[in-house]
Amino acid sequence: MRNNLLFIVPPCVPLADLILDENKAFSNKIRKEIPLGAVSLATYMKSYTKSKVHVLDLNLEFYDLVNGNKIKKASDVENYIKVFITELKDKDFDFCGISAIFSPVYGYLEIISRVVKEIFSRIIIFAGGGVPSNLANEVFASAPCIDVISYGEGEIGISGYVNAEDEQKFLDNSPSLITRDKLKQGIPYSFEFIENLDEIPPLDFSLIDFEKYNSHAHAQNSKKVIAAPLMFSRGCPFDCCFCSSHSIHGKKVRYNSLNRIKSDVKLYSEQYHVNTITVWDDNFFVDKEQAIALLDYFMELNITVEFVNGFPVYRMDDDMAKRLKMSGVDVVTLAIESGNPRVLKDIIHKPLKLEMVPGAIECLRKYDIYVKGLFVIGFPGETLEEIQSTMDFIHNSDLNWIDIFIAQPLPGSELFEVCKAGGYFKTTALDSCNYWSGNIETEHFKTYEIEEIQVYNTIKKDFVNNLDMKNENWSRALINFEYVINAKHKNPFSYYYAAKAAKMLGKTEKADKYYKMYLEIRKNSIEWEDVFQKFIAESIEFSDI
């Protein structure tokens, strides 16, 4: 049996993105978002074992270091990791679980597992999440201090091991726990799912420093956002080529009961004063009746809700938009993905009719709901002409804001297998996957072309041709420019247009402050200046404020 459990969440960005000198103008940024998966698993262990449980979120630890320019070289990262883990030495952990959901964390697995082994002599180290589940051989080879990989969801396998009197016997017989010996013997592994999600206890936020986390919410008002991330289902029946969710949660959708969801939301509202729920669920609107019941309940509790992974366009009509507004929803992100019908159908496998999008936007705007759009570009088989058709779709739309992501071949996704088979990887470094840097090159495009398209068109839609600035909605424009500023992106366009909006609102001091920041960033960044010059060549003026 294991008595003291440590769960570690690595930084959510590749190691290189923690180093100031290697940061690109448009790059992944470390964030202070509640690690939903790790907290859920740790909560389960606290309830179903007799062990003590601790969560170490390195994103929280590195956030101030990165923004304070304390990370100068790769060795600094390892040294700080060693410091943070050494501070826990007196807890005498005998079990460590490392969360590795997405590819950017791959580079940390060897470092963290080695440091943990050095400090805790009796410890056994598990790794779980999308990366080790789909790349078991690679993880074992690159991180020799990792002992076991938890395949798929970890509750049943890990709790069983922690409670086992005969640990080796349990490992040998567990279908979801992978060891080097079992791989060598060719022993197959399989999922172990909790069918009734109500058996998983409510998230225990006392396991983390809840008040230190920022929200992912794109709030459209000035109230202080206290947000909790929630998922109400697991599993996904759809076949989007870039998604790897099914490789962890399977295809069959399992739901929490309506009463359980209501109970959790009420608990977080009363115990942690949560006023915003960020829904990370891909299937919230599959069951329309339950979705409507929950929206009504959110309204009853005066809680705002935001759907982080996007709202399905096919569910949007006047009645739904009205209900969303009544429920306190002030921003909706439409998961559009592409503005090209062939790419949607033949490459992404998304059954979306683009002619439905303008109507969905119109319904939302009727009720003064801020409308964002999600797009992904740079797939194998997609041409530059088709990508341009997506850009044209974006600029001809009435979306308030857009995010353009670069297609990334996540382990476990169809896209990963297509890139592997076709030799489309620019680099085989597994931690090179992030949504701001290209790692796919085909006969149709190079990575730098995709990155340039992403940056230019995002800036053009969100800032230069910002819809709220055009409509003289200065307050809303300023809120969203400040959303970027507060995310620490150091984007000079956000400062420039925030200064313009603040000036129009008569906020002179704020306008001056933002304008000075704009000048400083632009002066010191060749990369950003290149972007400005593209717009200047199109007769866009950036006059003094």
Would you say that [X] contacts [Y] through its side chain, given a criterion of any heavy-atom pair below 4.5 Å between the two side chains?
X	Y	result
Pro132	Phe126	no
Ile111	Leu15	yes
Pro411	Ser244	no
Ile8	Leu58	yes
Ile402	Phe375	yes
Thr49	Arg2	no
Pro104	Cys12	no
Val66	Val13	no

Centroid separation under 6.0 Å, is that true for the rings of [Y] and [X]?
X	Y	result
Phe425	Phe416	yes
Phe232	Trp280	no
Phe307	Phe285	yes

One pair to check against salt bridge (charged side-chain N to carboxylate O under 4.0 Å, His left out): Asp147 and Lys117. What are the steps and the verdict?
CA-CA 11 Å; Asp147 301 297; Lys117 283 279 190 183; 2.9 Å; yes
Does any N or O in the side chain of [X] come within less than 3.5 Å of the main-chain N or O of [Y], such that one atom is a donor and the other an acceptor?
X	Y	answer
Asp264	Ile261	no
Thr86	Lys82	yes
Asn256	Leu197	yes
Asn439	Gln408	no
Ser413	Pro409	no
Ser159	Glu155	yes
Lys350	Ile347	no
Asn59	Pro10	yes
Asn480	Asp462	no
Asp94	Ile124	no

Using salt bridge (charged side-chain N to carboxylate O under 4.0 Å, His left out), reason through Lys372 and Asp403 one step at a time and then give a plain yes or no.
CA-CA 8 Å; Lys372 295 175 59 180; Asp403 287 314; 3.6 Å; yes
Answer with yes or no whether the side chains of Glu386 and His444 bring together a donor and an acceptor at under 3.5 Å.
no
Between the side chains of [Y] and [X], is the shortest nitrogen-to-carboxylate-oxygen separation below 4.0 Å, so that they form an ion pair?
X	Y	result
Asp57	Lys32	no
Asp64	Lys212	no
Lys169	Asp172	no

Test side-chain hydrogen bond (donor to acceptor under 3.5 Å, both in side chains) on Thr390 and Ser338; report intermediate values, then the result.
CA-CA 6 Å; Thr390 292; Ser338 176; 3.2 Å; yes
For Pro380 and Thr442 the tightest heavy-atom approach is CA-CG2, 3.8 Å
Where Val253 and Ser233 come nearest, the two heavy atoms and their spacing
CG1-CB, 4.1 Å
Check step by step if side chain to side chain contact (heavy atoms under 4.5 Å, CB included) holds for Lys252 and Glu195.
CA-CA 10 Å; Lys252 178 185 175 184; Glu195 293 298 330; 3.4 Å; yes
Taking atom NZ of Lys251 as the centre, does the number of heavy atoms from other residues, nucleotides or ligands within less than 6.0 Å exceed 12?
yes
With under 30° as parallel and over 60° as perpendicular, where do the rings of Phe95 and Tyr161 fit, or are they tilted in between?
tilted
Using the ring of each side chain (for Trp, its six-membered ring), is Tyr80 parallel, tilted or perpendicular to Phe62, with breaks at 30° and 60°?
perpendicular
Starting at [atom1] of [X], measure out to [atom2] of [Y] and round the result to the nearest 0.5 Å.
X	Y	atom1	atom2	answer
Asn214	Asn486	CG	CG	8.5 Å
Asn79	Lys73	CG	NZ	7.5 Å
Ile146	Thr179	CD1	OG1	13.5 Å
Ile394	Asn457	CD1	CG	6.5 Å
Ser133	Glu153	OG	CD	10.0 Å
Lys184	Asn137	NZ	CG	10.5 Å

With sequence neighbours excluded, residues passing ring-ring contact (aromatic ring centres under 6.0 Å, His included) with Tyr151:
Tyr189, Phe191
Test side chain to side chain contact (heavy atoms under 4.5 Å, CB included) on Val77 and Ile71 and set out the steps.
CA-CA 7 Å; Val77 176; Ile71 310 296; 3.7 Å; yes
Starting from the C-alpha separation in whole Å, work towards a yes-or-no answer on ring pair (Phe, Tyr, Trp, His ring centres under 6.0 Å) for Phe379 and Phe445.
CA-CA 10 Å; Phe379 296 99; Phe445 54 76; 9.3 Å; no
Aromatic Phe193 / basic Arg234 pairing, under 6.0 angstrom, 45° off normal
no
State which residue, out of Val9, Ile98, Ile85, fulfils the side chain to side chain contact (heavy atoms under 4.5 Å, CB included) condition with Leu56.
Ile85
Candidate pair Glu337 and Phe242, rule side chain to side chain contact (heavy atoms under 4.5 Å, CB included), full reasoning:
CA-CA 11 Å; Glu337 318 295 5; Phe242 51 77; 3.9 Å; yes
Start with the C-alpha distance between Lys490 and Trp528, add both sets of side-chain angles, then the distance that settles side chain to side chain contact (heavy atoms under 4.5 Å, CB included), and finish with yes or no.
CA-CA 10 Å; Lys490 295 184 179 179; Trp528 276 119; 5.9 Å; no
